[in-house]
Amino acid sequence: MERITFITFLLTAVFSFSACVANHYHFVNINLNWTEAQRYCRVNYTDLATINSKTDIDEMMKTVKDESVQRVWIGLHKTQKKTWKWSLGNPAFYTGNDSHYQNWESNNIHVDGDCVCMDGQNGKWDNTKCEENKNFICYNASSEEYIFNSPGMNWRDAQRFCREKHTDLASVRNQNENQTIQNIINNHQGSEKAWFGLFRDSWEWSDLSESSFRDGILGENDKNTENCTAVSLVGPHKKYQYWNCDKSFPFVCYNKFVLIQQNLTWNEALKYCRDNHVDLVSVESQQIQNSVMNVVKKASTAAVWLGLRQACALGIWFWVNGEIVCYQDWAAGNGTGVEDCSDTAGAVQSGDNQTWISLPQTDKLNFICTNYEA
Ligand SMILES: *[C@@H]1O[C@H](CO)[C@@H](O)[C@H](O)[C@H]1NC(C)=O
Ligand SMILES: *[C@@H]1O[C@H](CO)[C@@H](O)[C@H](O)[C@H]1NC(C)=O
Ligand SMILES: *[C@@H]1O[C@H](CO)[C@@H](O)[C@H](O)[C@H]1NC(C)=O
Ligand SMILES: *[C@@H]1O[C@H](CO)[C@@H](O)[C@H](O)[C@H]1NC(C)=O
Ligand SMILES: *[C@@H]1O[C@H](CO)[C@@H](O)[C@H](O)[C@H]1NC(C)=O
Ligand SMILES: *[C@@H]1O[C@H](CO)[C@@H](O)[C@H](O)[C@H]1NC(C)=O
């Protein structure tokens with residue numbers, strides 16, 4: 001019973017997340033090199049596009065309305081150092097520090113070896129050459145099952161196999177899963193080691209997102225000297241391509257913040273964001289304020305609701321994500337905590353001075369929703 005409830009909870013979490021957390025892509029039809037494109041996106045939106053799934057690619061393609069465009073830069077680029085990643089890169093799959101769970105053999109990570117297997121006898125992890133053939137563990141997200149596969153394959157073929165037949169190679173998020181997977185390996189083959197979904201490479205998203213969605217080309221070009229990634233728009237398969245970062249192409253940015261140009265009360269706006277996106281925006285840093293300032297330029301009302309309200313008894317303002325207000329950017333005389341707080345909420349002005357003001361919650365304003373979990 002407990003197990004069923006837990007599974008239902010997980011499924012709800014995964015599916016509701018993927019349903020509402022589509023990135024909002026913006027095609028920019030200017031030819032810039034990768035670094036210039038990155039700068040442009042960071043100034044005008046949030047960052048160069050990050051891609052979490054095939055659906056994201058489709059969403060991104062819809063924004064490119066110019067048929068003469070052959071390829072667009074996205075945020076994936078090669079860096080100097082390799083980092084560990086899960087093959088199942090969907091951020092919705094992990095909560096808290098789940099994605100950082102590790103269980104190495106005597107803290108011994110080898111210099112060589114970018115793919116990781118588990119020892120069936122003690123559940124410990126070992127990184128070895130990805131080319132070695134080993135049995136492997138797939139994961140099916142809809143049934144929440146681990147599937148043992150034999151005979152062995154090299155890590156990349158195993159990944160391809162799991163993605164085609166199931167969801168992906170198995171991730172290990174905690175001690176329970178470590179134990180479960182160890183038991184499966186042990187039951188099938190005694191002491192031999194089996195691949196699971198951990199690997200390392202030097203590719204990184206511009207926004208440092210953990211997405212490992214690579215559209216099939218992962219790692220194969222690690223010796224390539226072309227360090228930036230574009231998505232090809234010609235042909236039936238929207239494939240990633242590696243290009244020299246100095247080339248100039250159009251590009252795709254994304255926004256974590258969406259301006260909703262409907263005039264709603266603060267409570268209606270909160271409900272709208274929670275039903276259709278994630279939440280009203282909590283502006284907890286100058287960086288978020290900068291993004292908000294870019295977004296509000298297109299508002300049709302003089303002020304735009306933020307996820308900001310007052311705890312009357314305490315006379316303090318707090319964000320809808322539960323945090324109290326540390327970073328602040330109030331207009332003079334506002335946000336002092338002495339306003340008639342019974343029915344006020346916080347808004348950002350959309351004109352030249354984009355500081356915050358307190359307004360009656362019943363005012364009908366545009367508002368900003370977020371597309372990410374805080
Ligand atoms: C790509 O990155 C590598 C490693 O950082 C560097 O040695 C190489 O010069 C870069 N290639 C180009 C074309 O910039
Ligand atoms: C995954 O599990 C679901 C539910 O049990 C099942 O219907 C589906 O066929 C499985 N998919 C694969 C590819 O095994
Ligand atoms: C992983 O699982 C193995 C086998 O059950 C256990 O011995 C080990 O302590 C676990 N490690 C951690 C860090 O949970
Ligand atoms: C919202 O209010 C503004 C200012 O009153 C008005 O210009 C705009 O047309 C309204 N928008 C909608 C969708 O009603
Ligand atoms: C905006 O308003 C604040 C406080 O009301 C003021 O200190 C600031 O100078 C103004 N900024 C601009 C650019 O007018
Ligand atoms: C809040 O700021 C606005 C815009 O600067 C100003 O018109 C208003 O008087 C301020 N409210 C208070 C209570 O000072």
Side-chain angles (χ1 to χ4, degrees), residues 32-39 48 71 73-83 111 114 200-206 208 214 217-230 240-249 258-273 276 280 283 289 292-293 295-306 308-310 312 315-317 325 328-369:
L32 294 179
N33 71 37
W34 191 89
T35 312
E36 291 164 348
Q38 181 190 48
R39 192 177 311 127
L48 264 174
R71 61 187 63 82
W73 285 131
I74 56 170
L76 192 63
H77 69 133
K78 196 148 83 178
T79 63
Q80 305 277 4
K81 70 172 202 311
K82 291 181 176 178
T83 53
V111 180
D114 293 337
R200 65 178 167 190
D201 69 10
S202 46
W203 291 92
E204 198 169 84
W205 292 100
S206 176
L208 302 181
R214 296 284 192 275
I217 47 105
L218 179 155
E220 283 156 25
N221 288 293
D222 245 16
K223 293 185 191 69
N224 206 326
T225 57
E226 292 158 338
N227 296 341
C228 289
T229 311
Y240 290 11
Q241 300 172 330
Y242 297 113
W243 286 92
N244 187 320
C245 306
D246 294 336
K247 294 269 183 195
S248 289
F249 300 132
V258 209
L259 173 75
I260 309 294
Q261 287 174 307
Q262 291 184 33
N263 300 339
L264 299 183
T265 67
W266 190 84
N267 278 309
E268 289 166 350
L270 180 68
K271 181 171 189 318
Y272 181 98
C273 288
N276 297 287
L280 266 175
V283 188
Q289 170 71 359
V292 161
M293 285 158 79
V295 168
V296 297
K297 283 175 195 156
K298 293 186 185 129
S300 63
T301 48
V304 173
W305 287 129
L306 303 173
L308 186 55
R309 65 183 163 188
Q310 201 175 4
C312 290
I316 55 165
W317 287 85
V325 175
Q328 48 192 317
D329 196 7
W330 290 104
N334 289 260
T336 55
V338 297
E339 294 101 328
D340 169 19
C341 84
S342 54
D343 61 350
T344 54
V348 56
Q349 301 178 89
S350 61
D352 289 338
N353 196 329
Q354 290 159 338
T355 48
W356 309 342
I357 53 173
S358 62
L359 290 173
Q361 288 185 14
T362 47
D363 280 13
K364 298 201 169 202
L365 306 180
N366 290 182
F367 51 98
I368 298 168
C369 301

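Residue numbers start at 1 and run along the sequence shown. Just follow the structure's listing: the first ligand is 1, and inside any ligand the first atom is 1. Since we're looking at a predicted model, the values are computed, not measured. Side chains included, hydrogens not; waters and symmetry mates left out as well; all remaining heavy atoms used.
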Per-atom contacts, ligand 6 versus [X] - under 4.0 Å to a heavy atom:
X    : result
G333 : 12 (C), 13 (C), 14 (O)
A331 : 2 (O), 5 (O)
A332 : 1 (C), 2 (O), 10 (C), 14 (O)
I357 : 1 (C), 2 (O), 3 (C), 4 (C)
Q349 : 4 (C)

key: Location of contacts on S358 toward ligand 6, heavy atoms closer than 4.0 Å   = neither
Is [Y] close to [X] at the side-chain level, that is, under 4.5 Å between some pair of heavy atoms?
X    : Y    : value
N366 : S300 : yes
F367 : L264 : yes
R200 : D114 : yes
L48  : W34  : yes

ask   = Any idea which protein heavy atom is nearest atom 4 (C) of ligand 4, and the distance to it?
value = S300 O, 3.6 Å
Shortest protein heavy-atom distance from atom 14 (O) of ligand 4, along with the residue and atom involved = N263 ND2, 3.3 Å
task = Only heavy atoms count here, so choose which of N244, N227, D246 is nearest to atom 1 (C) of ligand 1.
result = N227
request  = Tell me which one of N334, N353, L359, T355 gets a heavy atom nearest to atom 3 (C) of ligand 6.
outcome  = N334
inquiry  = Any nitrogen or oxygen of Q80, side chain or backbone, less than 3.5 Å from one on ligand 1?
reply    = yes
request  = Show your reasoning for whether side chain to side chain donor-acceptor pair (under 3.5 Å) applies to W305 and E268.
outcome  = CA-CA 11 Å; W305 287 129; E268 289 166 350; over 6 Å; no
ask   = Under 4.0 angstrom from atom 9 (O) of ligand 4, is there any protein heavy atom?
value = no
key: Ligand-side contact atoms (ligand 4) for residue partner Q261, heavy atom cut-off under 4.0 Å   = 13 (C)
inquiry  = Ignoring hydrogens and geometry beyond distance, is a side-chain donor-acceptor pair present between W73 and E36 at under 3.5 Å?
reply    = no
task = Ignoring hydrogens and angles, state whether a donor on the side chain of T355 or N353 is under 3.5 Å from an acceptor on the partner side chain.
result = yes
For ligand 4, the portion of K364 having any non-hydrogen atom under 4.0 Å away = neither
Side chain to side chain contact (heavy atoms under 4.5 Å, CB included) evaluation trace for N263 with L365 = CA-CA 4 Å; N263 300 339; L365 306 180; over 6 Å; no
remark   = NZ of K81 to CG of D201, rounded to nearest 0.5 Å, is 11.5 Å
